[in-house]
There are 2 protein chains.
Amino acid sequence: MKRTSRDIRTANRYEVLRQIIAESPTSRQELAAATGLSLATVATLVGELLDLRMTTEVGFEESAGGRPRGLVAVNASGGALIGVDIAETYVHVELFDLALNVLARAEEDVRPGESLPEQVVGHVAAAVGSVVTQAGIEGARVLGVGVSVPGQVDRATGISEYAPNWDWHDVPLVDLLSEYIAYPLYLDNPLRAVAVAELWFGAARGSGNAVVVTLGTGVGAGLVLGGALHRGVSNSAGEWGHNTIVLDGRLCRCGNHGCVETYVGAPGIMLNLRELSPDSELLHPGDQTATIAALARGMLTQDPVAVKVVRHTARYLGASIAHLVNLFNPEVVVLSSWVAAALGEPLVAEVREAVARHALPRPMAATEIVLSPIPTDPACLGAATFALEGALQSVGQRSAKRTTPARTKTHNPR
Amino acid sequence: MKRTSRDIRTANRYEVLRQIIAESPTSRQELAAATGLSLATVATLVGELLDLRMTTEVGFEESAGGRPRGLVAVNASGGALIGVDIAETYVHVELFDLALNVLARAEEDVRPGESLPEQVVGHVAAAVGSVVTQAGIEGARVLGVGVSVPGQVDRATGISEYAPNWDWHDVPLVDLLSEYIAYPLYLDNPLRAVAVAELWFGAARGSGNAVVVTLGTGVGAGLVLGGALHRGVSNSAGEWGHNTIVLDGRLCRCGNHGCVETYVGAPGIMLNLRELSPDSELLHPGDQTATIAALARGMLTQDPVAVKVVRHTARYLGASIAHLVNLFNPEVVVLSSWVAAALGEPLVAEVREAVARHALPRPMAATEIVLSPIPTDPACLGAATFALEGALQSVGQRSAKRTTPARTKTHNPR
DNA sequence: TGACTTTATAAAGCCCCTTTCCTAACCCCT
DNA sequence: AGGGGTTAGGAAAGGGGCTTTATAAAGTCA
């Protein structure tokens, strides 16, 4: 709510680092042009990042008659970030370098009935330990661990207030994890993690207004408004998956009827398939991944059943995404997460058409609907990005120490 | 997109003036407490407003042992604001003093078939002329004229890009109006006007996140996010009325089927009534106002038909407002405009229940659903508020004159 | 080698906000 | 009536941010 000039600095720091990561190496000139900041500001921000060892100078660009431009690049080995994606059936952990390349992965299955907080925390701790050893990173280099857990979370206290899939209530997840993990921890939910991933590294980069639609087992929307994530008053904005799209429609696990999720989430798509073609061989009962994969293959071969199911699904999806277009008037709608990735362009093409049928022409004309370009698990990447943001955040608040008076003069004289 | 420290100043200026208008007279101390700003900042901002003659000092508060607090109040006669609400069948103009009291009104009917831009402009010009003479205001005191016109507008150029009700396309409304009106003109659409009215003077005051639902002949939602209006990338955010709530539902004037508007806009409510009780005497065919008024009276007497119709309407409204609650996670949802005002608390009570049935419990718990406290035409008030914002805006940009070197020392020495 | 060009840093200036200090204004008590 | 004590409000200083301007650095080209 209360804005201060510090927020501007933080936003600019983010923007510059984002740009460097996206286009590495790059020059200060390019950064200034891309961000709209003055050269001087860019220079000081780059200087900060150099001091933090997040970037390095990597030679010069040959010039045409003047002093050559110094090039800066992400210092990939300047630190490591860990992203944890806790989902209903698995815990997925990835360790990234500062260029956000995956250095190591680990996955643990969460079997039904083994979903007590302590058990899940155990999985996370094991997987985090595993990626650190795999990567051979010395512990001190890990800048932070971002954790994505479904449901409603309180970021400040690190509490998972409510996780519908496991019926968790007010689980102090960060406290539990900190018994095993010594790095700074950042907690949020997958919707926002995916949105942040798209904002930093994906299709929403540079957009002031974007909507990131997560299509997985559950569905939701991450909202980027004014260049930053919109969280709402109690950090639960974006619960698009539980909007009613069919009055008195299918029963949803949330208890309501006709939620978007029940038609376009992976189980919903399976149900669409079953309703349209009860004994199709595309259906793998009890296996969402296989069924979606079968549909994806079917789309490539123009299998009539697959086409019919995707079109049917796109109809609901189109109407629901049209809601987002009408309401937010975004520059871009990004389709992300594994169902979107699996069904790919064929789905997007159908969705574009369906949205155009339902949205108003004016906002529709201003909106692009695209597939996420992120190849890996976006929730992991986004969770790691929370850790990155956290590491950058703490730059601003220089410790108000007064005991060391010589600290402002850190650069070497001569 | 690009934030500067100036924006902070502007936002603070708005906030302080809002507070003064809301609670006039008030002291600097109270203002500081209410806004969270320091005393010094409040003092300088109040000083600016005093210089602008928008506020005046009005005596002192008796103190208990110290220097008495100086009281400042809106200088009601320090200027006048004009709000123009152009609707499908009428042009409504109100002239306000700076305390936003209505000093004069004028209304012109727009008959079907007389909706050419020139004709509408004529009505506006006549009505604006009328309120100025009625109020006996000398012209120089009018700080600006805000104009609300349905559909999509480009504020910067003052063009009505598309008005669905009259099939206007790219009408240069501000240019046309400036032939008749010499005051600064500000153009936007009723959704945003109503939202700004609620933000400044209504139920959304002080909320970082609020949704203002406009229920009239057309319906829509004004979005207040982060304490400011969300406009979207092409200034067409908030078109909630054309979200599909029933797939293949009623035909909407926008060409689609099943839009929210077709169930909860005034014509939609009439249709609900006709469907539920075809020959109820509540129905006044062809007269929305009379029918809604009859329903309102029916609600007071617990007329079973009226109750049934309102409950039926609230069902659609509840599901649609639940979308907003789930997506935005706002502090407050404000029901505004004439249908909401007419049906009043009975409607709100039904809506609260219906929303609670459809929204997720967590965001729902954080959200209050209230009726707009604004007694007059909120679009007029909001339009006038645009003019007020415009007048305040121009304070910041001090003319970059260099010819008068002594300009920084404006205050009298002594 | 000198002139010109381009980059990067340093300095100065402006805009914000806050904190601190000091004067103004009032009450109350002696 | 005249000092304390207390509170309000303004002025100045300070800190953070961004930009413009000046200066130093590092090339190319004649």
Side-chain angles (χ1 to χ4, degrees), chain A residues 2-16 26-33 35-48 50-51 57 59-72 395-402 407-409 411-414, chain B residues 2-16 25-33 35-48 50-51 57 59-72 395-402 405 407-409 411-414:
Chain A
K2 194 94 199 311
R3 300 240 171 289
T4 144
S5 67
R6 217 104 159 197
D7 300 331
I8 298 176
R9 184 69 162 183
T10 303
N12 288 342
R13 206 192 331 267
Y14 285 180
E15 197 54 43
V16 166
T26 184
S27 65
R28 291 171 180 80
Q29 314 288 322
E30 276 183 278
L31 289 171
T35 58
L37 294 168
S38 74
L39 238 16
T41 302
V42 168
T44 61
L45 284 169
V46 168
E48 277 183 23
L50 288 170
D51 282 352
E57 314 234 30
F60 298 89
E61 214 168 33
E62 72 277 24
S63 75
R67 174 173 172 173
R69 299 176 170 182
L71 294 175
V72 293
V395 179
Q397 53 216 38
R398 40 178 40 132
S399 56
K401 281 203 177 168
R402 187 145 290 198
R407 84 168 300 290
T408 43
K409 299 271 182 189
H411 65 90
N412 45 357
R414 176 102 270 307
Chain B
K2 194 94 199 312
R3 300 240 171 291
T4 146
S5 66
R6 215 105 160 200
D7 298 332
I8 299 176
R9 185 68 160 184
T10 302
N12 288 342
R13 206 194 330 268
Y14 284 0
E15 197 56 42
V16 166
T26 184
S27 66
R28 291 171 180 80
Q29 313 288 323
E30 276 184 278
L31 288 170
T35 58
L37 294 168
S38 74
L39 240 16
T41 302
V42 168
T44 61
L45 285 170
V46 167
E48 277 182 24
L50 288 171
D51 283 351
E57 314 235 29
F60 298 88
E61 213 169 33
E62 71 276 26
S63 75
R67 174 175 172 172
R69 299 176 169 182
L71 294 174
V72 293
V395 180
Q397 52 216 40
R398 41 177 39 132
S399 55
K401 282 205 176 169
R402 184 148 291 197
R407 84 168 300 293
T408 43
K409 300 271 181 189
H411 65 87
N412 44 358
R414 171 106 263 310

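Chain letters run A, B, ... following the sequence lines, proteins first, then strands; residues in each count from 1. Note that the structure is a prediction, hence the values are computed from the model and not measured.
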Output one line per pair: protein atom, nucleotide atom from nucleotides 24-30 of chain C, and distance, for all N/O pairs under 3.5 Å.
residue, atom, partner, partner atom, Å
C/dA24, N3, B/Arg67, NH1, 3.4

Can you pull every protein N or O that's under 3.5 Å from an N or O on nucleotides 19-23 of chain D?
residue, atom, partner, partner atom, Å
D/dT19, OP2, A/Ser38, N, 3.1
D/dT19, OP2, A/Ser38, OG, 2.8
D/dT19, OP2, A/Thr41, OG1, 2.7

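Rounding to the nearest 0.5 Å gives a distance of 9.5 Å between CD of B/Gln29 and CG of B/Leu31. How far CD of B/Glu30 is from CZ of B/Arg69: 6.5 Å, rounded to the nearest 0.5 Å. Going from atom OG1 of A/Thr35 over to atom CG of A/Leu45 covers 8.5 Å, rounded to the nearest 0.5 Å. The line from CZ of A/Arg13 to CZ of A/Arg6 is 9.0 Å long, rounded to the nearest 0.5 Å.
Taking atom CD of residue B/Glu30 and atom C1' of nucleotide D/dG9, one finds them 16 Å apart after rounding to whole Å. What separates CD of A/Glu61 from P of D/dA26 is a distance of 18 Å, to the nearest Å. Between the C1' atom of D/dG10 and the CD atom of B/Glu48 lies a distance of 15 Å, rounded to the nearest Å. Between A/Ile8 atom CD1 and D/dG15 atom C1' the separation is 15 Å, expressed in whole Å. Computed from coordinates, the A/Leu71 CG to D/dA26 P distance equals 16 Å when rounded to whole Å. With rounding to whole Å, A/Leu45 atom CG is found 13 Å from D/dG16 atom C1'. Counting to the nearest Å, the P atom of D/dT7 and the CZ atom of B/Arg28 are 18 Å from each other. Taking atom CZ of B/Arg3 as the reference point, atom P of C/dC17 lies 15 Å away to the nearest angstrom.
The residue among B/Ser27 and B/Ser5 whose nearest nucleotide of DNA chain D lies closer to the 5′ end is B/Ser27.
A sub-4.0 Å separation between OP1 or OP2 of D/dC18 and a side-chain N or O of A/Asn12 is present. In this model, the phosphate group of D/dA8 is approached by a side-chain N or O of B/Arg69 to a distance below 4.0 Å at OP1 or OP2.
Between B/Ile8 and A/Asp7 there is no side-chain heavy-atom pair separated by less than 4.5 Å. A heavy-atom distance below 4.5 Å is not found between the side chains of A/Arg9 and A/Asn12.
Distances were taken from every side-chain heavy atom of B/Gln29 (C-beta onward) to each of D/dG9, D/dG17, C/dC16; the shortest belongs to D/dG9.
Scanning all heavy atoms of the two residues, the minimum distance from B/Gly70 to B/Phe60 falls at CA-CD2, 3.6 Å. Residue A/Arg28 comes nearest to A/Leu50 through the heavy atom pair NH2-CD1, 4.1 Å, listed as atom of the first residue, atom of the second, then distance.
Scored by the side chain to side chain donor-acceptor pair (under 3.5 Å) test, B/Thr41 finds B/Ser38 as partners (sequence neighbours excluded).
Counting non-hydrogen atoms under 4.0 angstrom, B/Gly47 reaches nothing in the nucleic acid.
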